[in-house]
Structure formats: structure tokens, C-alpha cells
J.: 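Let me begin by handing over the structure; questions about it come next.
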Amino acid sequence: MLGNFIYSNPTKLYFGTDALKGLHKELPKYGKNVLLVYGGGSIQKNGIYDQVVEILKANGKTIFEDAGVMPNPTVEKLYEGCKRAKDGQVDFILAVGGGSVCDYAKAVSISAHCPTDPWDKYFLRMEDVDNPIIPVGCVLTMVGTGSEMNGGMVITNPESKLKIGHVFGDHVFPKFSILNPVFTFTVPQYQMVAGFFDIMSHILEQYFSGADDNTSDYIMEGLLRSLIHSSKIAVQNPTDYEARSNIMWTATWALNTLVAKGKSTDWMVHMIGQSIGAYTDATHGMTLSAVSMAYYRLIMPYGLDKFKRYAIHVWDVNPTGKTDEQIATEGLDCMEAYMREIGLIMNICELGVTEAMLEGIVKSTFTMNGGYKVLTPDEIMQVLKESM
Ligand code: NZQ
Ligand code: ZN
């Protein structure tokens, strides 16, 4: 049975090859001073920067630049962005980049006018926002996180080895997002497939929880089938518009809060992945792929019915003459073969994890209780060791 819920998603989307024109419609709604947030320079190489700046200028905006947002944005960078936003008396933040840039822009938007330390308030204490928020818009250039249509943001504190995500309500969602699949064509293959698995993991971590037969499960199975189909095409031909556009749309739906409504969720793979990220600064999607098979094989017996359903509905496993366990195992085998086929990292050693780090990674992993099995620290260690 679906639980009670409120659903609201205020982010307006402009999708397709003409999507950037949406900026002309949106920018006039906000004040003159715009903080233009971007990463390490990919948007300058592929020409998106020039297109965006031209539109900002055409709309009479004064641009304050905040470049150099790194993958897995740090708390130090957040403090820097807050200062820039305040010094420039910024009215609006435009993020142009992937999930890191969008997350960071949202973090600056709630932190710039925070009277206390935003890391303590929003990430360590997980409090809600009670200070003014600077509105944010996103031009997405890399697909995976869903940050373009949610209130999530993940900030890393390399000193304390903590990578913490806080998911806020719709008051923190971007006001709009520009989704042009062509903008993602220049993403390097490694990042591209990492993003594909990030999408898959978002869906699976909402799917593998609860025993009800609900609409969300059917939606998620459809999203997974579309993702699997299109990602195989995109890996062979990264400029296949049909595949890349379907993946972009799937990524947004995978984590724009819809499919989690009225049901419980798991999120343990993300918790372990984030902890690995805090220790290694590894690419987010790869921290998930590297531990997923060990995790799902561990919890499969506790959620056997769902794993059986997953095998049949998503991987087309033929159940005839097989036990539930055989069917479920075959589904996971198909998933593993697919992951290897598209080129994902399947062990944490390749991400720079060493034996000496394991204890610390276990300690900084938050334990969630919505999945089929609440993991003990020993079981988290088991997942890590099997993923070495
Ligand atoms: O920095 P630039 O030069 O832009 O290069 C980036 C970066 O090196 C590059 N890139 C992006 N678009 C490109 C491109 N290169 C060429 N052409 C393009 N069009 O790709 C690299 C990775 O970018 P990044 O933004 O870090 O990747 P992603 O989108 O995977 O974001 C990862 C961050 O999002 C967080 C992760 O933890 C991580 O910090 N997440 C946010 C979530 C949310 N808001 O809900 C949920 C996710 O689970 C995730 O945790
Ligand atoms: Zn993710």
C-alpha cells in the first residue's frame, strides 16, 4: 500500500536542442547580479560558456564568475562561493555543469546568507534552511545525479573525511533547468558511464525496499529498461541523440523525488560510496558500481521476492523450472555482465582504496534502515572486502 505523501516539484524544465533559449524566458525574472558557477573548464572548451555568457549579456546581467568547482565539491570551495555571492550582492546563481556544479550552486544558495557555519548547520546537523535563499537555475552538461530537479547537495570535507549529502525540500530545488542532450556529448567516456551507473543506482536504491506492489516499482522497472537499452547504444556511439536524450530524461526522473513517494527506500550503496569518495575523491558513479554487486548479493536473501521480480521484469530472466533463488541470482548475474559490458569499475582497489582505509570507511558510513537488511559494521566491512 502506498503511504501518505505530498508531491511538489517546482523545477521548470527546458528540454531538447533548443533548450538554452529558455534562459531568455527565465533570466528576466531575477535581479541584475548573476553568479555564474562552473567547473574546471570543460564548458569553455566545448563552447557552452560563450553561448551562456552571450545570453546573460543580452539580458543585461552583471556577471560574477565562480569557476573551478571540482568534482565532489569541498567545504572550502563552498566558503569561497559564499563570499563571492555576498561580495557581489548576487540576486541569482546560474550553474553550468554536472552534478557537482549544480550541487555546489544550491549549497551556496542556502549558505551565502547563513549566519552560522553552513557546514555545521546543513551537513553535520542536517537542519532546514531558515535564512534567505538565492534562487538557482541550472544548465546541465553531464547526466547522472538528478541534481537538476531535486533539493539534494553533497559536500565533501576532506579534513574530517566526510562526504555528506543533504536532501532539502522543494524550497531549495532549482527554479529551472536547461537540459540539452547535445551538451553531454563531450563528457569523457569514463565520466559518462559513471553517470549511467549513478542513474541505475538511484533507481535500484529506491526499488529494493518494501514489499508492496506499487506504481513506483513499475515506473522504475521501465526507467531501468530504458536506461539499459540506451546506455549500451551510447557506449558504442556517444553522439547518438536518441540514446543520450533518453538517458538524460531517465536520469532526471530517477531522482526528482517522484518514484520514492509513498514507499520506503534503501540508499546503503550511496552511503558506502560516499564514504569511499571521502577517502579517495573517486568519481561518484564508480564508487557505487565498485560495491554494488557485493552489496546486492549480500542482501538478496532478505528481499528475495523483489530480486526475483527484478530478474524477470528488468532482465527478462525466464523463471520456468527455476527456484526463486536461482531466478534472483540470474538477475544479478545479468546486471554484473551489463556493468562489465559498459565499462564500469567493479572493485574499490582501482579507485585507490587500500586495506588501511577500510576501518575508517566503515566508521564514516552512515547506516540507513529502509532496505531489506540493516547492515552491521561487520557487514559493511564484508561488502568492502568483497569489493577489493
Ligand atoms: O569540471 P568540468 O570541467 O566541468 O568537468 C567535469 C568533471 O570533470 C566533466 N564534465 C561535465 N560536463 C562535461 C564534462 N566534460 C566534458 N563535457 C561536458 N559536457 O565531468 C566531470 C565530472 O563532473 P561532476 O559534475 O563531478 O559529475 P556528476 O554529475 O557525476 O556529479 C557528481 C557529484 O554529484 C553528487 C556526487 O556525490 C558528486 O559530488 N551527487 C548529487 C546528488 C543530488 N544532488 O541529488 C545525488 C547523487 O547521488 C550524487 O551523490
Ligand atoms: Zn548518486
Side-chain angles (χ1 to χ4, degrees), residues 11 37-49 51-52 66-75 77-78 95-107 123 136 138-158 162-168 172-174 177-206 238-239 244 248 251-252 254-257 260 265 267-278 280-289 291-292:
T11 305
V37 174
Y38 58 97
S42 67
I43 64 163
Q44 279 142 333
K45 281 192 208 122
N46 59 25
I48 298 171
Y49 174 88
Q51 294 178 55
V52 168
D66 186 1
V69 179
M70 61 292 282
N72 311 318
T74 63
V75 65
K77 180 68 187 160
L78 172 61
V96 186
S100 294
V101 171
C102 298
D103 275 18
Y104 169 83
K106 284 185 269 181
F123 298 92
V136 172
C138 301
V139 178
L140 194 68
T141 66
M142 138 121 207
V143 160
T145 64
S147 187
E148 67 275 13
M149 204 185 192
N150 70 34
M153 61 194 72
V154 186
I155 297 295
T156 300
N157 187 331
L162 288 172
K163 181 174 180 180
I164 301 179
H166 188 166
V167 182
F168 292 90
V172 177
F173 284 34
S177 283
I178 306 284
L179 308 182
N180 180 347
V182 175
F183 287 177
T184 69
F185 284 0
T186 53
V187 174
Q189 185 101 358
Y190 184 89
Q191 297 290 345
M192 180 185 79
V193 295
F196 294 170
F197 193 75
D198 194 19
I199 305 167
M200 180 169 240
S201 200
H202 293 158
I203 303 170
L204 294 180
E205 293 182 66
Q206 296 171 94
T239 58
R244 296 304 287 272
M248 192 171 218
T252 302
L255 202 56
N256 71 357
T257 76
T265 53
W267 292 118
M268 241 357 256
V269 170
H270 263 69
M271 292 306 106
I272 300 172
Q274 279 176 202
S275 189
I276 291 168
T280 60
D281 197 28
T283 297
H284 171 64
M286 297 305 192
T287 66
L288 310 173
S289 61
V291 298
S292 279

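Every number for a ligand or one of its atoms is a count from 1 in the order of the listing.
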J.: Do S147 and D103 have side chains that approach each other closer than 4.5 Å (heavy atoms only, starting at C-beta)?
T.: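 Yes, close enough: below the 4.5 Å cut-off.
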J.: Nearest protein heavy atom to atom 14 (C) of ligand 1, by residue and atom, and its distance?
T.: S42 OG, 3.6 Å
J.: Under a heavy-atom criterion of less than 4.0 Å, does P188 contact ligand 1?
T.: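 Judged by the 4.0 Å heavy-atom criterion, P188 does count as contacting ligand 1.
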J.: Distance under 4.0 Å to a non-hydrogen atom of G152: what atoms of ligand 1 satisfy this?
T.: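 Selected atoms, number and element: 44 (N).
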J.: Check ligand 1 against T141 and write out every atom of the ligand that is under 4.0 Å from a heavy-atom position of the residue.
T.: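 That gives atoms 11 (C), 12 (N), 13 (C), 18 (C), 19 (N) of ligand 1.
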J.: What are the atoms of ligand 1, with element, lying closer than 4.0 Å to any heavy atom of F183?
T.: 19 (N)
J.: With a 3.5 Å distance limit and no angle check, can you tell me whether N150 reaches the backbone of N256 through a side-chain donor-acceptor pair?
T.: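 Answer holds: no.
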J.: Just by modelled atom types, is the I272 backbone N or O under 3.5 Å from a matching donor or acceptor in the S275 side chain?
T.: no
J.: What angle, to the nearest 10°, do the atoms NE2 (H270) and NE2 (H202) form about the Zn ion (ligand 2)?
T.: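 Answer comes to 90°, rounded to 10°.
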J.: Among all protein non-hydrogen atoms, which one is nearest to atom 22 (C) of ligand 1, and what is the separation to 0.1 Å?
T.: Q191 OE1, 3.3 Å
J.: Any heavy atom of H202 sitting closer than 4.0 Å to ligand 1?
T.: yes
J.: Please state which part of D103 comes within less than 4.0 Å of ligand 1, counting heavy atoms only: side chain, backbone, both or neither.
T.: side chain
J.: Looking at S100 and N72, would you say the former's side chain and the latter's main chain have a donor-acceptor pair under 3.5 Å?
T.: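 Indeed, once roles are kept as given, a pair shorter than 3.5 Å links the two residues.
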J.: Output yes when a protein non-hydrogen atom is found under 4.0 Å of atom 36 (C) of ligand 1, and no otherwise.
T.: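 Yes; the ligand atom in question has protein heavy-atom contact below 4.0 Å.
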J.: Give a yes/no verdict on whether any heavy atom in G41 is under 4.0 Å from an atom of ligand 1.
T.: yes
J.: So for ligand 1, is G99 a polar contact partner (N or O within less than 3.5 Å, distance only)?
T.: yes
J.: Contact between T156 and P73 at the side-chain level, heavy atoms closer than 4.5 Å - yes or no?
T.: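 No, too far: nothing below the 4.5 Å cut-off.
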J.: Can you tell me which N/O/S atom of D198 has the shortest distance to the Zn ion (ligand 2)?
T.: OD1
J.: Do the side-chain N and O atoms of D66 and Y38 include a donor-acceptor pair separated by under 3.5 angstrom?
T.: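 Short answer, no.
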J.: Determine whether I43 and T141 make a side-chain contact, defined as any pair of heavy atoms from C-beta on separated by less than 4.5 Å.
T.: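 Counting from C-beta outward, I43 and T141 do come under 4.5 Å.
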J.: Verify, without hydrogens or angle tests, whether S201 (side chain) and D198 (backbone) share a donor-acceptor contact under 3.5 angstrom.
T.: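 Not a single qualifying donor-acceptor pair exists.
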J.: Side chain, backbone, both or neither: which part of L255 has a heavy atom under 4.0 Å from ligand 1?
T.: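 Contact part for L255 vs ligand 1: side chain (C-beta onward).
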J.: Any idea which N/O/S atom from H284 gets closest to the Zn ion (ligand 2)?
T.: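 Nearest N/O/S atom of H284: NE2.
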J.: How close does the nearest protein non-hydrogen atom get to atom 7 (C) of ligand 1, and which residue and atom is it?
T.: P71 CG, 3.9 Å
J.: State the atoms of ligand 1, each with its element, that fall below the 4.0 Å cut-off from a heavy-atom position in V154.
T.: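 It comes down to these atoms of ligand 1: 35 (C), 37 (O), 40 (N), 41 (C), 50 (O).
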J.: Answer whether the closest heavy-atom distance between the side chains of V172 and M153 falls below 4.5 Å.
T.: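 Side-chain contact under 4.5 Å: yes.
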J.: Enumerate the atoms of ligand 1 whose separation from the nearest heavy atom of S147 is less than 4.0 angstrom.
T.: 44 (N)
J.: Tell me if a side-chain donor or acceptor on Q191 pairs with a main-chain N or O of T283 at a distance below 3.5 Å.
T.: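 Not at all, since once roles are kept as given, no pair shorter than 3.5 Å links the two residues.
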J.: When you measure from the side chain of R244 to the backbone of T239, do you find a donor-acceptor pair of N or O atoms at a distance under 3.5 Å?
T.: no
J.: Would G40 count as being in polar contact with ligand 1, using the rule that some N or O on each side must be under 3.5 angstrom apart?
T.: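 N/O-N/O distance below 3.5 Å exists for this pair.
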J.: Which ligand 1 atoms does N72 reach within 4.0 Å, using its non-hydrogen atoms?
T.: 38 (C), 39 (O)
J.: Under 3.5 Å, is there a donor-acceptor pair between the side chain of T74 and the main chain of K77?
T.: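 It does hold such a pair.
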J.: What protein heavy atom sits nearest atom 26 (O) of ligand 1, and how far off is it?
T.: S100 OG, 2.5 Å
J.: Between the side chain of Y49 and the main-chain N/O of G41, is any donor-acceptor distance below 3.5 Å?
T.: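 Absent.
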J.: Between ligand 1 and K163, can you find any atom pair, the residue atom being a heavy atom, that is separated by under 4.0 Å?
T.: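 Per 4.0 Å heavy-atom rule, K163 contacts ligand 1.
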J.: Please work out, at 4.0 Å between heavy atoms, whether the side chain, the backbone, both, or neither of N46 comes within that distance of ligand 1.
T.: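 Near ligand 1, N46 shows its side chain, while the N, CA, C and O stay back.
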J.: I need the nearest protein heavy-atom contact for atom 45 (O) of ligand 1: residue, atom name and distance, please.
T.: N150 ND2, 3.0 Å
J.: Can you tell me which residue and heavy atom of the protein come closest to atom 16 (C) of ligand 1, and the distance to 0.1 Å?
T.: T186 O, 3.2 Å
J.: Nearest to atom 49 (C) of ligand 1, what protein heavy atom do you find, and at what distance?
T.: H284 NE2, 3.2 Å
J.: Pick whichever of H270, E205, M142 has a heavy atom sitting closest to atom 11 (C) of ligand 1.
T.: M142
J.: Tell me whether the rings of F123 and H166 are parallel (<30°), tilted (30 to 60°) or perpendicular (>60°).
T.: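 Taking H166 first and then F123, their aromatic rings stand perpendicular (interplane angle over 60°).
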J.: Could you state the interatomic distance from CG (L255) to CD (E205), rounded to the nearest 0.5 Å?
T.: 9.5 Å
J.: Specify side chain, backbone, both or neither for V187, according to which of its non-hydrogen atoms lie closer than 4.0 Å to ligand 1.
T.: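 Both backbone and side chain.
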J.: Between K106 and F173, is there a side-chain heavy-atom distance shorter than 4.5 Å?
T.: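 Counting from C-beta outward, F173 and K106 never come under 4.5 Å.
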J.: Answer side chain, backbone, both or neither: which part of I43 comes under 4.0 Å from ligand 1, heavy atoms only.
T.: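 Neither part.
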J.: Counting only N and O atoms by type, is there a donor-acceptor contact under 3.5 Å from the side chain of E148 to the main-chain atoms of C102?
T.: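 Answer holds: no.
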J.: Can you confirm whether V96 sits close enough to I48 that some side-chain heavy atom of one is under 4.5 Å from a side-chain heavy atom of the other?
T.: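 V96 vs I48: side chains touch.
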J.: Establish whether atom 9 (C) of ligand 1 and some protein heavy atom are separated by less than 4.0 angstrom.
T.: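 Given the 4.0 Å limit, the answer for atom 9 (C) of ligand 1 is no, no protein heavy atom qualifies.
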J.: For atom 34 (O) of ligand 1, what is the nearest protein heavy atom, given as residue, atom name and distance?
T.: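 Nearest neighbour among protein heavy atoms for atom 34 (O) of ligand 1, to 0.1 Å: T145 CG2, 3.3 Å.
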